[in-house]
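Working notes for the structure below.
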Amino acid sequence: MTSANAAATGEPPPQNLTLSAAFEGIEGSYSHAVLSAYAARRGVTFVPLGCSSFRGVAHAVLAGKADLGLLPVDNAIAGTIREGYDALAEYELDLLAEITWRMDHRLLGVPGATIDGLREIDSHPVVLAECGRFLGSLVEVRRVPVPDTGVAARDVAAAGDASRGAIASSDAGRRFGLVELANTIADHPDNFTRFVLFRAPDARGLAADFEPAQNFADRKTSLVFAVADIPGALGRCLSILGAHGLNVSKLDSKTRLGTSGQSSFYVDVDGDVRDERFAEALRALRDVTVALHVIGSYDASSAAARVRRAPAVVIDAAPAVAPQPAKHAFPKVTRREHHGKARVRVGDVVVGDGHFVVVGGPCSVESREQILATAEAVAASGAVMLRGGAFKPRTSPYAFQGLGWDGVALLAEAGRATGLPIVSEVMSVEQVERMAASVDVLQIGARNMQNFDLLKAVGKTDRPILLKRGMAASIDELLSAAEYILAEGNPNVILCERGIRTFETATRNTLDLSAIPVLRERTHLPVMVDPSHGVGVRRWIAPLCRAAKAVGAHGLLIEVHPNPSEAKSDADQALTFGDFAQVMRELKDVPLVH
Ligand code: PEP
Ligand code: MN
């Protein structure tokens with residue numbers, strides 16, 4: 001028993017009982033393992049009663065042949081186990097608890113068998129589905145569905161045939177003398193199955209184990225209802241549950257052969273029917289459904305056992321599911337309630353939230369004439385902010401490094417002259433305070449995306465930040481960098497995709513436009529695109545501007561120069577004033593993605 005599965009069965013109250021429990025399959029099946037673990041945790045003697053069908057399990061309990069019954073209803077990979085829900089819905093049973101169990105499948109064979117030598121693998125059809133990827137990697141192996149995993153292990157052992165394998169638990173392997181040929185063979189390590197434990201409605205005892213003391217927080221209710229096939233009927237039902245503060249954790253359609261004009265659904269709802277809110281919701285649901293049946297309310301506290309354990313060791317040369325990298329936590333940049341409402345204000349300019357904005361200007365501020373002329377030109381074409389670097393992060397120490405604070409002053413003058421807010425890069429912690437006093441938006445350049453001290457410093461300012469993606473940074477790393485800024489209390493971060501390094505050399509970088517829909521899904525922060533650095537070649541910038549808007553960017557950052565060939569930095573990618581005006585006209589025809 002894994003620790004996750006141990007936790008799934010709760011704490012043991014001291015009892016001195018014999019418990020007979022019905023399940024589908026034979027000893028060695030997963031249901032049997034779940035019941036054994038449950039009985040062990042409660043310190044009771046378990047008398048197993050294997051049945052040949054799901055309905056047989058319900059019958060055994062209702063006929064008093066077993067105190068308890070257990071049926072699987074749902075698997076994380078294979079989905080709803082309809083037969084389980086159907087059996088629970090069909091009979092009057094008293095549902096007690098759901099048990100969430102990690103299905104730790106092993107490929108088993110007789111001693112001496114090898115994976116390469118297998119020609120047939122037996123298991124329960126749902127388990128075969130859970131291991132689809134692994135099985136797909138084996139050539140010329142037939143998948144044979146059998147009633148349960150215990151039967152698969154037993155039959156392979158009895159045949160003594162090294163060309164046959166079974167997928168079952170390690171417990172089944174031990175029980176039938178089989179050896180493990182591979183483990184970690186499910187498509188995903190979070191391969192949980194939900195089982196529901198129940199008893200006959202008139203049974204005594206046991207239920208107290210699952211009764212909530214006062215509140216219904218850790219309980220769940222399964223329902224089945226039918227609605228007429230008219231638009232909005234299902235939506236109304238869900239709205240009623242939502243309006244009563246009830247979370248729906250599962251919704252699945254139920255086949256209804258021979259019934260036309262209506263559809264039935266299985267629904268799991270957090271809470272208990274004895275809760276007044278729940279009862280009220282049910283009354284309202286009855287008015288909008290054709291049929292409504294409460295299958296039962298039960299303890300759902302074992303859901304807390306869904307913890308990931310360390311990846312298991314591969315026993316043979318079988319392909320293993322790669323361990324998942326630890327997920328970074330970005331609590332502040334992934335505020336779901338704000339999705340689609342990305343918005344950062346820069347003076348009167350709103351970035352995001354239905355506005356598409358263009359920021360134009362030279363790579364570097366070079367002279368008073370250059371920046372004033374550029375500011376006038378981009379403003380006339382519809383840019384809403386002016387960019388210009390004064391501190392330049394150049395690859396070579398001998399390349400033009402920018403005009404420094406003089407450049408900042410010139411940029412500020414151009415901003416005042418045109419009324420455009422200004423954006424400029426801040427390269428070091430020492431520059432932050434003075435820069436924040438001088439410009440409207442602080443740009444963090446690609447090369448500094450993971451300069452964590454700098455991120456913390458700008459996070460303490462009250463200026464919006466334009467955070468450019470590092471040229472070798474993943475989307476997760478970009479989000480983590482933004483999280484640094486938000487964690488310091490500055491919520492106003494605009495992300496900027498500006499191309500990443502790939503094997504491609506035809507373009508300066510590879511503009512990763514796929515990042516835009518991904519970021520829009522993962523964060524509420526607005527996302528801009530800088531096609532200038534992304535592609536690095538003037539004539540390819542216009543199509544990428546249109547693509548960026550079409551794919552959902554909230555705006556563009558474009559380099560513009562009065563005389564690109566004379567530019568002191570990034571000459572190849574600067575647009576002329578005419579090019580820029582043309583791009584701005586073309587963008588009007590590209591629909592905005594809301
Ligand atoms: C820039 O915007 O001029 C710049 C240096 O960009 P990046 O940091 O994306 O290279
Ligand atoms: Mn540049």
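On a predicted model such as this, the values are computed, not experimentally measured, just so you know. Read the numbers this way: they start at 1 and go in the same order the structure lists the ligands and their atoms.
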Using modelled atom types only, decide if a donor and an acceptor are shared between the side chain of [X] and the backbone of [Y] within a distance under 3.5 Å.
| X | Y | value |
| --- | --- | --- |
| T510 | D512 | no |
| Q431 | M427 | yes |
| E521 | P517 | no |

For ligand 1, is there an atom lying under 4.0 Å from some heavy atom of [X]?
| X | value |
| --- | --- |
| K392 | yes |
| M471 | no |
| G389 | no |

Legend entry - Polar contact flag, side-chain donor to acceptor under 3.5 angstrom, E566-H561: no
Legend entry - Distance-only side-chain donor-acceptor flag, N75 / T193, under 3.5 Å: yes
Shortest protein contact, [atom] (heavy atom only):
| atom | result |
| --- | --- |
| atom 9 (O) of ligand 1 | R498 NE, 2.6 Å |
| atom 8 (O) of ligand 1 | A446 N, 2.7 Å |
| atom 6 (O) of ligand 1 | K468 NZ, 2.9 Å |
| atom 4 (C) of ligand 1 | H533 NE2, 3.5 Å |

Legend entry - Protein N/O/S neighbour count - the Mn ion (ligand 2), strictly under 2.8 Å: 4
Against heavy atoms of [X], which atoms of ligand 1 measure under 4.0 Å?
| X | value |
| --- | --- |
| R447 | 7 (P), 8 (O), 10 (O) |
| G445 | 8 (O) |
| C363 | 3 (O) |

Inset, instruction - Mind listing the closest non-hydrogen atom pair of K220 and A300 along with its distance? - result: CB-CB, 3.8 Å
Legend entry - Nearest heavy atoms of G415 and I422, plus distance in Å: CA-CG2, 3.7 Å
Inset, instruction - Check each heavy atom of Q443 against ligand 1 and say whether those closer than 4.0 Å belong to the side chain, the backbone, both or neither. - result: side chain
Legend entry - Cation-pi, W101 ring and R194 (6.0 angstrom, 45 degrees): no
Inset, instruction - Could you list all the salt bridge (Lys or Arg N to Asp or Glu O under 4.0 Å) pairs where at least one residue sits in residues 378-394, not counting sequence neighbours? - result: R387-E559
Legend entry - E425 N/O to ligand 1 N/O under 3.5 Å: no
Legend entry - Residues D353 and R343 bridged, charged N to O under 4.0 Å: yes
Legend entry - Lys/Arg-Asp/Glu bridge criterion (N-O < 4.0 Å) met for D572, R538: no
Inset, instruction - Answer yes or no: is there a side-chain heavy-atom contact under 4.5 Å between V127 and H105? - result: yes
